[in-house]
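Quick notes on the structure that follows.
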Amino acid sequence: MDMDKVYNSKEVEKKWSKYWVENKTFSAKIDKNKKPFTIVIPPANVTGSLHMGHALNTTLQDIIIRFKKMQGYNTLWVPGTDHGGIATQNVVEKLLKKEGITKYDLGREKFLEKMWQWRSETGDTILDQLKMIGCGLDWDRVSFTMDESRSKSVKKAFIQLFEKGLIYRGKRLVNWCPRCSTALSDIEVEYEDEKSNLWHIKYPLRDSDGYIIVATTRPETMLGDTAVAVNPDDERYTHLVGKTLKLPLVNREIKIVSDYIIDKSFGTGAVKVTPAHDVTDNEIAKRSNLETIEIIDINGKMINVPAKYQGLSVEEARKEVVKDLEEAGFLAKIEDYAHSVGRCYRCSTKVEPLMSEQWFLNVGEMSKKAVDAANDSKTVFHPQSWKRPYILWLENLRDWCISRQIWWGHRIPIYYCVDDKGNRTNCKPIASFDKPKECPHCKGKNFVQDEDVLDTWFSSALWPISVFGWGENENSQDLKYFYPTSVLATGHEIIYLWVARMVQFGLEFMKDVPYKDIFIHGIVRDKHGKKMSKSLGNVVDPRDIIEKYGTDALRFALAQSAAPGRDMQISEESFLAARNFANKVWNASRFILMNLEGIDKLDEKIKAAELADEWIIAEFESTLEKVKTAYDSYNTDAAAREIYDFFWTKYCDWYIELSKIRMTSSDINVKRQVLSILIYILKGTLQLLSPVMPFITSEIWQILNKDEKIIAESVFPKTKDSGFLESLEKMRIMQDIIVKIRTLRSEMNISPAVQIEALFDILDENKEKTVKENEHYIKQLAKIISIQFGKNIERPKNSALAVAGGFEIFLPLEGLIDIEKEKSRLSKEIAIAKQEVERTTAKLSNENFVKRAPKAEVEKIQTRLNDATVKIEKINESLKFLG
RNA sequence: GGGCAGUUAGCUCAGCUGGAAGAGCAUUUCCCUUACAAGGAAGAGGUCGCAGGUUCAAGUCCUGCACUGCCCACCA
């Protein structure tokens, strides 16, 4: 039972993280008698290692899981990792680059071997780290988005959607990353402001002398222009609509068209239209039946342009075009201009919109269903402020480009019939799990598979169903029992990228949402509010925090700062404070255990013997309620704060201190009685705290109850009302008196070692009984040797005065008191009391207040006025007495 | 351009349905009191972003503004 004076987190953490895994504490089996509570973890990329974001995200989920488990749910938290598509391929490509080779040198097959090798070597790092920080995951259910089972889900989903006609192939304008050499979906593009120019270019009319000026941020694309567009209501240009222009440098004839999308007030009100390389232009082109000329290829090089520009990069072409326009007199002016530029979310390269043959998913119907689900509260955001942006996004969603021109990922399960020479036939492509045996159209037996892979988010979107074997096992009992899951916890950065798509796929394949509650937490920032990033050098590594302060401190600090939906600024001090709290818990427990020495048996039932007992029980019951409510609504911050406040400022500072009176009693039964309450409250608090700080609470719990279940499997305290509410007010009176006396002692510089007497002059007879019954509290905590009660007690010479708890309290301080100091202190007290009199009098003399405010409120103010008046009177007497 | 948050003590933040401004860290004084100096006791520190309004009463509700951050958008 020996406990170190300081909590040693390292040993305890090693012990328990191992225990939970080895004993399969958090493994879940179907149990139809229990309600399931399920969470699927947001699968971390295999490239990842634990950072603050993970630590926060997984801590929050673990808190929920541990809480629900103690409440009797059959909890399941599914772990796993994501193959991470482009991001992961980029990592391995970089490694290859160091060896001086490219993926093309290796070829697809060999490159994929490298990828798998790398993934098997380092891909589980993050999972091991999650074990370390105590996550209550079911380690028998580790899933990976590219393992066999998950791959079957992906294929099944694709085939089903394809056969339903929702997946189609088409040549469309897509976001192209020239560096990754792949298409990206709309949300994989991040926009960033950039200082640039607005070039004003003259486009001469073919049939007259005039010209029209267009303004553009991308002059090089003028080589691919097929029209100029103006707003039909723009009077400056109405007479020109339908006229023909001669495109400078190219000399192609293009028309002036009208389109309502054009903003009359922007630039010159006339816009050059490049349908192949701009989204808006592409739409204008569709409406006006314009020709589309591709002038940039997938490598970012110019094509289909006059010879002198052919093959140039976009940047080079821009310089040349601007120079040539200027020389030929077509450049009207150049303005400074800031606008946002799309960049690849994986490598930050500027994205090039261009025409490309891709696979698309028609999301119209799925979006509608997801919107309905949100409107019908089948999905609920915490905080709810995310609902609107989420719905808006879904409503404006365009078809999802799901194909990627990379190698790492789920290869699209589409097979093309080919002839003997390997050329594609005209037969319809076939969507299939495996290579088809025979083409149903031409009976041919040769096929090639589509070269592209699926967007990594396609498999992520299936996660809540794929982890339960959807697609592999037609009759998955797990899926029936655990789906829909209970809550999804994630940061707001992937609401669209991931959350929305899971909902869409859940509704599509399971006819039900994947989870009801969507718990959105913030992002961890540094103490200056900056996003943590390697380049800024402000990254706080959770592993360093664990090393220095312990995992429980890390978890507590994160939980405490994580108000739903809000970003949090976190600094070293918060971890330090949490570590200190852990130590406090440790030492309070140590105190109790020390006093347990030699006590063989405790009382079975707790029995409140005096005021402090009733009070701490009432306080605990109220704390329990608040903590439960907080956990249930994902307000871990409130839960952490409530527990901290209760344990430290109520249990430790008051109850334990008061318990010492009985603890030193020679009567073993007295000691036994108070210990039973001390332990009852301690155990209860440990249970409230254990979802947040599982390690230290597990350890103490085990020391306390050698043979009982571990705390993670214990039953969470049930709501109770012992009817001790009156004790709260009584205790408040006692605390008021004790604090006032302490303040006097402190201000008079009287050492705690000096025991002094006190005279209590009774002012309020209603409080007399309570104070007399509990005078030993005052003696113990205010270091008073004896108390003499009486009425109209004459103030002793050289004494200090306090008015508190319905008493005028004199402390005779012969030889200890500084009369001048006492006088000035009393004057200050009087000033404060006078303010109180002013405030309350003002209120009470306000007719409207007395008339309209609730009675209780008026009485309260009246009492305050009376108290202050008495106080002033008494202090004045004392001042006179002092001379 | 639209939307959403935030603005309370030097710093990080609590303050639920409106009724006397709170915590932690930092700071000052005293204390190694036999659970804890990673501690205890006490103190100092705020006209709750600004301006209006509703109300007997506003940090709390309403309107407008300012600043900060985030998200969205077809910013040529």
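Letters A, B, ... are given to chains in the order of the sequence lines, protein chains preceding strands, and every chain is numbered from 1.
- In this model, no side-chain donor or acceptor of A:E642 finds a partner on the base of B:A14 within 3.5 Å.
- Nucleic acid contact for A:I262: base, since at least one base atom lies under 4.0 Å from a heavy atom of the residue.
- Applying the 3.5 Å distance criterion, the base of B:C31 shares no donor-acceptor pair with the side chain of A:S751.
- Classified by interplanar angle (parallel below 30°, tilted 30° to 60°, perpendicular above 60°), the ring pair A:H492/A:W386 is parallel.
- Computed from coordinates, the A:I201 CD1 to B:A76 C1' distance equals 11 Å when rounded to whole Å.
- A 6.0 Å sphere centred on CG of A:N848 holds more than 12 heavy atoms belonging to other residues, nucleotides or ligands.
- A salt bridge does not link A:D736 to A:R732: none of the charged side-chain nitrogens sits closer than 4.0 Å to a carboxylate oxygen.
- Nucleic acid contact for A:N846: sugar-phosphate only, since backbone atoms but no base atoms lie under 4.0 Å from a heavy atom of the residue.
- Candidate nucleotides B:C70, B:A76, B:G40 were compared by shortest atom distance to the side chain of A:K584, and B:G40 ranks first.
- Candidate nucleotides B:A76, B:C75, B:G3 were compared by shortest atom distance to the side chain of A:R388, and B:G3 ranks first.
- Checking B:C72, B:G43, B:A5 against the side-chain heavy atoms of A:S385 singles out B:A5 as nearest.
- The interatomic distance linking A:I520 (CD1) with B:A5 (C1') rounds to 14 Å, in whole Å.
- Considering only side-chain N and O atoms, A:K783 lies nowhere under 4.0 angstrom from the phosphate OP1 or OP2 of B:A41.
- Per the geometry, CD belonging to A:E747 stands 7 Å off P belonging to B:G43, to the nearest Å.
- In this model, a side-chain donor or acceptor of A:R579 finds a partner on the base of B:A38 within 3.5 Å.
- When heavy atoms are screened at a 4.0 angstrom cut-off, A:V6 is found touching base atoms of the nucleic acid.
- Listed nucleotides B:C72, B:A38, B:C13 differ in distance to A:R566; the shortest reach to its side chain belongs to B:C13.
- In RNA chain B, the stems built from three or more successive Watson-Crick or G-U pairs (distances below 3.5 Å) are B:1-7 with B:66-72, B:10-13 with B:22-25, B:27-31 with B:39-43, B:49-53 with B:61-65.
- The environment of A:Q755 atom CD is dense: over 12 non-hydrogen atoms of other residues, nucleotides or ligands sit within 6.0 angstrom.
- Under 4.0 Å is where a charged nitrogen must lie from a carboxylate oxygen, and between A:E836 and A:K871 no such pair does.
- A:L682 places its CG atom 16 Å from the P atom of B:C36, with the value rounded to the nearest Å.
- Between the C1' atom of B:U33 and the CZ atom of A:R745 lies a distance of 11 Å, rounded to the nearest Å.
- We find that A:E352 and A:K350 are not joined by a salt bridge, their nearest charged nitrogen and carboxylate oxygen being 4.0 Å or further apart.
- At B:G40, one or more side-chain N or O atoms of A:W648 fall inside 4.0 Å of OP1 or OP2 (strictly under the cut-off).
- A distance-only check finds a donor-acceptor pair linking the side chain of A:T636 to the backbone of A:A559 [under 3.5 Å].
- Heavy atoms of A:K626 sit nowhere under 4.0 angstrom from any nucleic acid atom.
- Electrostatic pairing of A:E829 and A:K740 does not count as a salt bridge here, judged by no charged N lying under 4.0 Å from a carboxylate O.
- Here A:K5 lies in heavy-atom contact (under 4.0 Å) with sugar-phosphate atoms only.
- For A:F266, the listed nucleotide lying nearest its side chain is B:A76; candidates were B:A35, B:C70, B:A76.
- Base engagement by A:D263 is indicated by at least one non-hydrogen atom pair under 4.0 Å involving a base atom.
- In terms of phosphate contacts, A:N580 brings a side-chain nitrogen or oxygen within less than 4.0 Å of OP1 or OP2 of B:G39.
- If you check every strand for non-hydrogen atoms under 4.0 Å, A:E493 touches nothing.
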Nucleotide by nucleotide, nucleotides 16-23 of chain B touches protein heavy atoms under 4.0 Å in the pattern (B base, S sugar-phosphate only, - none) ---BB---
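- Residue pairs satisfying the ring-ring contact (aromatic ring centres under 6.0 Å, His included) criterion with at least one member in residues 550-584 of chain A, sequence neighbours excluded, are listed as follows: A:F556-A:F581, A:F581-A:Y644.
- Contact check, A:T743 against B:G43: a side-chain N or O comes under 4.0 Å of OP1 or OP2.
- Within 4.0 Å of A:Y191, counting heavy atoms only, lies no atom of the nucleic acid at all.
- Phosphate proximity of B:A76 to A:H339: present, with a side-chain N or O under 4.0 Å from OP1 or OP2.
- Mapping A:R590 and A:D653 onto RNA chain B by nearest heavy atom places A:R590 closer to the 5' end of the strand.
- Between the P atom of B:A41 and the NZ atom of A:K660 lies a distance of 11 Å, rounded to the nearest Å.
- Looking at A:R742 and A:E657, no side-chain N of the basic residue comes within less than 4.0 Å of a carboxylate O on the acidic one, giving no salt bridge.
- Counting non-hydrogen atoms under 4.0 angstrom, A:V739 reaches the backbone sugars and phosphates but no base.
- A salt bridge is defined here as a Lys NZ or Arg NE, NH1 or NH2 lying under 4.0 Å from an Asp or Glu carboxylate O, and A:E822 with A:R825 meets this definition.
- Straight-line distance from the CD1 atom of A:I832 to the P atom of B:G43: 10 Å, rounded to whole Å.
- A:E747 and A:K828 are not joined by a salt bridge, as no carboxylate oxygen comes within less than 4.0 angstrom of a charged side-chain nitrogen.
- The interatomic distance linking A:H382 (NE2) with B:C4 (P) rounds to 20 Å, in whole Å.
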